[in-house]
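Keep in mind that what you see is a predicted model, and the values were worked out from it rather than measured. In the text below, chain A, chain B and the rest are named by the order of the sequence lines, each starting its count at 1.
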2 protein chains.
Amino acid sequence: MKCVTTTRKPNARDRILRTAAQLFHERGYGGVGINEIIEKAETAKATFYHHFPTKESLCEAWLEAAHENSECNRQKLLEGPGTAIDKLDLYFSKLGEYLAASDFRGCPYSNTATVTCTGGGEALVRQVMDHKLSIRDFFRKLAMEFSGSEERAREVGDSLFLLYSGATTEAQNLRVLWPVEAAKRTARELCEAEKCR
Amino acid sequence: MKCVTTTRKPNARDRILRTAAQLFHERGYGGVGINEIIEKAETAKATFYHHFPTKESLCEAWLEAAHENSECNRQKLLEGPGTAIDKLDLYFSKLGEYLAASDFRGCPYSNTATVTCTGGGEALVRQVMDHKLSIRDFFRKLAMEFSGSEERAREVGDSLFLLYSGATTEAQNLRVLWPVEAAKRTARELCEAEKCR
DNA sequence: TATAATACAGACAGGTTTGTCTGTCAAAGA
DNA sequence: TCTTTGACAGACAAACCTGTCTGTATTATA
């Protein structure tokens with residue numbers, strides 16, 4: 001029943017998903033068509049629609065895979081060594097590397113949300129929200145390390161979350177890295193101010 | 001030569017620009033076609049292309065008009081009464097009202113930038129940058145009021161700018177107002193921390 | 001060996017998009 | 001009065017888009 005181990009060609013579904021991930025990230029969900037995806041993935045249209053009922057379902061699969069990956073990275077960072085400030089520093093450094101490497105394409109979720117706001121896509125909207133709230137939670141957990149109360153940690157976590165989001169957005173708009181550096185610095189200042197509260 | 005005073009019908013160009021502004025803001029540049037614009041503006045396609053050589057030029061005109069308006073508002077706020085903290089509070093309050101009133105459509109410039117990243121549009125990219133840098137400057141000027149040095153004002157201004165951007169982005173993604181409230185609170189904390197530095 | 005699943009190729013439908021073009025009409029100014 | 005200008009109507013082209021469909025080939029498993 002399930003398509004478990006049985007595949008004889010290099011797996012068309014994976015090729016499609018990988019190709020779509022790259023193209024969607026580079027040019028956005030609306031900027032890439034099915035035809036280009038299947039062409040670059042070297043597959044047939046019938047094969048595509050065998051694995052994905054619609055283009056939107058491909059988008060969902062892409063965002064879901066990306067979300068699992070990013071959440072795993074945040075989890076590893078949380079569980080790793082170092083203080084919260086160290087981890088924040090590392091997180092923003094990695095963010096800068098990621099943005100520069102992807103030619104300042106910004107956050108795939110935010111970018112997708114701006115395109116799919118109209119025309120149904122309720123599942124996509126939900127996915128974007130879940131991802132964002134997961135990142136918000138990550139910063140909240142970090143803030144727990146140095147904030148007095150849980151309530152205060154929520155506040156500080158939200159501050160860090162906004163700095164992260166703003167840095168990502170404006171690095172994309174301005175195609176520069178200073179927003180990430182500014183966010184990193186502000187985050188550090190925020191944490192230090194919090195410790196002597 | 002110039003189209004100065006002479007118009008006999010209620011001015012088709014204005015109608016097109018006004019209609020486009022509304023539709024672009026509601027559904028994004030890529031989500032609205034020429035046909036819908038001219039239909040809702042009750043004009044003809046030939047008239048449209050008489051005033052705007054391309055769809056992109058219409059987008060430029062839209063963003064330019066919006067930029068002038070928003071810059072004027074910021075200037076008035078800067079010149080108005082009250083402390084910098086008062087002005088920041090007011091600014092974020094107005095931002096929340098704006099986002100809620102426009103059904104959390106976020107920043108038109110950022111939204112446009114995600115769509116037009118590919119396919120030329122060098123002028124549009126420049127317009128987005130100019131707008132963003134103008135807002136950055138606004139926060140920098142506010143920070144000058146309570147920051148010790150000009151250098152420090154630049155840093156604090158950037159922090160505020162990122163909070164603003166993050167709040168706008170995440171209010172759009174999550175369709176809620178708390179990011180704006182969190183940004184307002186963090187901005188206030190930042191200012192107060194700066195004063196006793 | 002037979003079956004079922006996966007893959008391929010590519011035509012096709014029906015819709016959208018931007019932009020061009022032809023031609024008519026009304027009114028302001030020379 | 002005549003010319004110019006802006007506006008109107010709408011057909012049309014050419015390119016895209018998503019999704020359907022027919023038909024064939026390969027291969028693992030029952």
### Query
Starting at CD1 of A:Ile16 and ending at P of C:dT6, how long is that distance when rounded to a whole Å?
13 Å
### B:Arg154 to A:Trp178, cation-pi by 6.0 Å centre distance and 45° axis angle
no
### Query
Could you state the CD1-P distance from B:Ile37 to C:dT18, rounded to the nearest angstrom?
8 Å
### Summary
The answer to which of A:Tyr29 and A:Ala46 contacts DNA chain D further toward the 5' end, by nearest nucleotide, is A:Tyr29
### Message
Given D:dC8, C:dA9, C:dA7, identify the nucleotide with an atom nearest to the side chain of A:Thr47.
### Response
C:dA7
### Task
Grab the NE2-P distance between B:His50 and D:dG6 for me, whole Å please.
4 Å
### Query
D:dA13 P sits how many Å from B:Ile34 CD1, rounded?
21 Å
### Message
Check whether A:Tyr29 forms a cation-pi arrangement with A:Lys55 (NZ or CZ under 6.0 Å from the six-membered ring centre, at most 45° off the ring normal).
### Response
yes
### Task
Rounded to the nearest angstrom, tell me the gap between atom CG in B:Asp14 and atom C1' in D:dG6.
14 Å
### Message
Nearest whole Å is fine: how far is C:dT20 P from B:Lys55 NZ?
### Response
15 Å
### Query
Does a nitrogen or oxygen in the side chain of B:Arg15 sit under 4.0 Å from OP1 or OP2 of D:dC8?
yes
### Task
Figure out the CG/P separation between A:Asn11 and C:dT6, and round it to whole Å.
10 Å
### Message
Please pick, from C:dT6, C:dT20, D:dG10, the nucleotide with the shortest atom-to-atom distance to any side-chain atom of B:Tyr49.
### Response
C:dT20
### Task
Hey, can you tell me if A:Tyr109 and A:His131 have their rings parallel, tilted or perpendicular (30° and 60° cut-offs)?
parallel
### Task
Test for a donor-acceptor pair under 3.5 Å between the base of C:dG19 and the side chain of B:Lys45, counting only N and O atoms.
yes
### Query
Base, sugar-phosphate alone, or nothing: which one does B:Glu42 contact when heavy atoms must sit under 4.0 Å apart?
sugar-phosphate
### Query
Should the pair B:Phe161 and B:Tyr164 be assigned to parallel (<30°), tilted (30 to 60°) or perpendicular (>60°) ring geometry?
parallel
### Message
Does a side-chain N or O of B:Thr43 approach OP1 or OP2 of D:dC8 to a distance below 4.0 Å, or not?
### Response
yes
### Query
Do A:Glu194 and A:Arg152 come close enough that some side-chain heavy atom pair is under 4.5 Å?
yes
### Query
B:His51 NE2 to D:dC8 P: how many Å, rounded?
8 Å
